[in-house]
**Q** 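Before we start, here is the structure in question, set down as structure tokens.
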There are 2 protein chains.
Amino acid sequence: MARNKYPEETVELILNTAARLFTEKGFDKTSLQDIIDETKLSKGAIYHHFTSKEDIFDKICQRIGAANSERLAAVRDSKDMNGLEKLRSIFRSSMLHPNQERIAEIIPRLIDNPRILAIHVKMQFENVAPNFIAPIIREGIADGSIQAEAPEQLAEAVMILSDIWLNPAVWPVNREDMRKRCEVFRSITRSIGLDFLDDDVVEAYVDYSDAVLNNQSNK
Amino acid sequence: MARNKYPEETVELILNTAARLFTEKGFDKTSLQDIIDETKLSKGAIYHHFTSKEDIFDKICQRIGAANSERLAAVRDSKDMNGLEKLRSIFRSSMLHPNQERIAEIIPRLIDNPRILAIHVKMQFENVAPNFIAPIIREGIADGSIQAEAPEQLAEAVMILSDIWLNPAVWPVNREDMRKRCEVFRSITRSIGLDFLDDDVVEAYVDYSDAVLNNQSNK
DNA sequence: ACCTCATTTACAGACTAACGGTCTGTATGT
DNA sequence: ACATACAGACCGTTAGTCTGTAAATGAGGT
């Protein structure tokens, strides 16, 4: 086949396939041949749409980042909630998200997938914390729902703790340990004026961690 | 040259050279040829002492981990301090360590060196937190110098925050931001019964961060 | 509106350089 | 003599390049 009418579909196919393989096997252990085999495309096709394997990875990250930003921006710019409620909403939706189960099935411990871990950490620092969490905390301080100082640094600390330490995809633990982690996280956030983790969200964290753990031991 | 009298020196040469190259250029971008060129050894020599490039990396990590563990164990097992004093001592010595300047000269942002970042995170989770920080917190709770619960989880939280977020090697920031981070870290640790970061240690963090930042902009 | 044809685009796949790793050969210490 | 510490040719696989080709497209004439 030459000169496809709908090249966007080819791009999508490459991105989707590569994303799956990268999360399943890791970036290094996914070869271009793997992508070629799974997509039934040719090297020429892939290098026509992307400049390198790295480029494919970057584009996948951009796509995920954009989807994530959109979700967060909707909450941040909402007029119906105060600062604290927005924080609560974000953590609620990220944990009770519909595609949660699928992720638990696929993802290996991110700690064993350095590339994905690093980009994950980077996104928290460069995008999520400064552009979404910090403004919301600032809003919360202004509207009186949050008592705190240094919103930028608080946002960073909260995201590091919740998105790396509490994140079961990074390092899953058993139910009890996860519950204890959540409790410590709550006592920390409460003490700095940010009490936004609800009981049912904690349970979702615990369930998710357990699911990832079980899925791994099955392999 | 064949059949060297002192093969340990060859092993050391390989480990030291590889460690430097891995931190300078990253694991992936350091080729065996680079190591061969810099050591003036041959492929045969390297594969005689190591089974793979990965193996070299692992041995480097083990060496660093062992040195680190030794330092931490000495504090943990000391009879002259209570729990809180031990924590204080650890953070003091890790920041005011003699080889600090050398590291600042070499290291790129760990966030751009995924492999090293991942092993760094892993060591905190698998070794430092459970084997050293948690026991010390437990001791502090027992001797009354620390008021807290869940020492294992607290240890994890403290190490995540201090060794990733506050660590200038991971993500250096300017002096003001670093100072703010330290302040937030202090308010967090204080609130959970762990006030162990002294003013002069904060200044060391700030200086270190600034040094790493300046060094990078020079490149 | 329809046909023509040059041009651009979306691929296919042979080819290349560099990589990690293996294997055989060799000199030197024990 | 034998084991050890190398040296370096060799191999399969990898990411990335380059050339070839067929289908879509857009401009110009009818």
Side-chain angles (χ1 to χ4, degrees), chain A residues 1-63 112-116 118-119, chain B residues 1-63 112-116 118-119:
Chain A
M1 181 212 324
R3 186 74 212 245
N4 188 334
K5 249 189 172 180
Y6 308 102
E8 324 85 54
E9 291 180 3
T10 305
V11 172
E12 280 292 299
L13 177 62
I14 295 169
L15 286 177
N16 293 335
T17 308
R20 206 191 66 240
L21 291 172
F22 289 162
T23 47
E24 274 174 19
K25 319 182 7 168
F27 179 83
D28 292 342
K29 286 177 183 167
T30 301
S31 71
L32 254 119
Q33 198 54 50
D34 291 335
I35 300 175
I36 290 166
D37 292 346
E38 295 250 339
T39 56
K40 310 279 179 197
L41 291 168
S42 68
K43 209 156 228 188
I46 293 172
Y47 278 89
H48 175 69
H49 293 293
F50 302 93
T51 66
S52 66
K53 188 181 159 189
E54 195 75 42
D55 184 40
I56 300 177
F57 183 77
D58 290 344
K59 295 281 164 59
I60 292 170
C61 293
Q62 282 173 28
R63 217 174 44 158
D112 296 324
N113 207 329
R115 200 120 191 172
I116 297 185
I119 197 81
Chain B
M1 180 213 324
R3 189 74 211 247
N4 187 333
K5 248 187 173 182
Y6 308 102
E8 324 85 55
E9 290 180 4
T10 305
V11 173
E12 281 292 300
L13 177 62
I14 295 169
L15 286 177
N16 293 336
T17 308
R20 199 179 36 109
L21 291 173
F22 289 162
T23 46
E24 274 175 19
K25 319 185 3 169
F27 180 82
D28 293 342
K29 287 178 183 169
T30 300
S31 71
L32 256 123
Q33 198 54 51
D34 291 335
I35 300 175
I36 290 166
D37 292 346
E38 295 251 338
T39 56
K40 309 278 179 197
L41 291 168
S42 68
K43 211 156 225 187
I46 292 172
Y47 276 87
H48 175 70
H49 294 291
F50 301 93
T51 66
S52 66
K53 188 181 159 189
E54 196 74 44
D55 183 41
I56 300 176
F57 184 77
D58 290 344
K59 295 283 164 56
I60 292 170
C61 293
Q62 281 172 28
R63 216 173 46 158
D112 295 325
N113 206 330
R115 200 118 190 173
I116 297 185
I119 198 79

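A note on names: the letters A, B, ... follow the listed sequences, proteins ahead of strands, and every chain is numbered from 1.
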**Q** Within less than 4.0 Å of OP1 or OP2 of dA10(C), is there a side-chain N or O belonging to Thr10(A)?
**A** no
**Q** By salt bridge (charged side-chain N to carboxylate O under 4.0 Å, His left out), which residues pair with Asp37(A), not counting sequence neighbours?
**A** none
**Q** Does anything in residues 8-17 of chain B form a salt bridge (charged side-chain N to carboxylate O under 4.0 Å, His left out)? List the pairs, not counting sequence neighbours.
**A** Glu12(B)-Arg63(B)
**Q** Return the value, rounded to whole Å, for the distance between atom NZ of Lys53(A) and atom P of dT13(D).
**A** 16 Å
**Q** Heavy-atom contacts under 4.0 Å between residues 21-39 of chain A and DNA chain C, which residues?
**A** none
**Q** Taking side chain to side chain contact (heavy atoms under 4.5 Å, CB included) as the definition, give me every residue that meets it alongside Ala118(B), ordered by chain and number, with sequence neighbours left out.
**A** Pro114(A), Leu117(A)
**Q** Once side-chain hydrogen bond (donor to acceptor under 3.5 Å, both in side chains) is applied, do any residues pair with Asp55(B), and if so which ones, sequence neighbours excluded?
**A** Lys59(B)
**Q** Which residues satisfy the side chain to side chain contact (heavy atoms under 4.5 Å, CB included) test with Leu13(B), sequence neighbours excluded?
**A** Thr17(B), Thr39(B), Leu41(B)
**Q** Under the rule for side-chain hydrogen bond (donor to acceptor under 3.5 Å, both in side chains), what residues qualify as partners of Glu54(A), not counting sequence neighbours?
**A** Arg115(A)
**Q** Check each residue of residues 43-50 of chain A for a non-hydrogen atom within less than 4.0 Å of any atom in DNA chain D, then write out the ones that pass by number, or none.
**A** Lys43(A), Tyr47(A)
**Q** Side chain to side chain contact (heavy atoms under 4.5 Å, CB included) with Asp34(A): which residues, sequence neighbours excluded?
**A** Leu21(A), Lys25(A), Thr30(A), Ser31(A)
**Q** Round to the nearest Å and state the distance from Ile14(A) atom CD1 to dA15(D) atom P.
**A** 14 Å
**Q** What is the distance from atom CD1 of Ile60(B) to atom CZ of Phe27(B), rounded to the nearest 0.5 Å?
**A** 9.0 Å
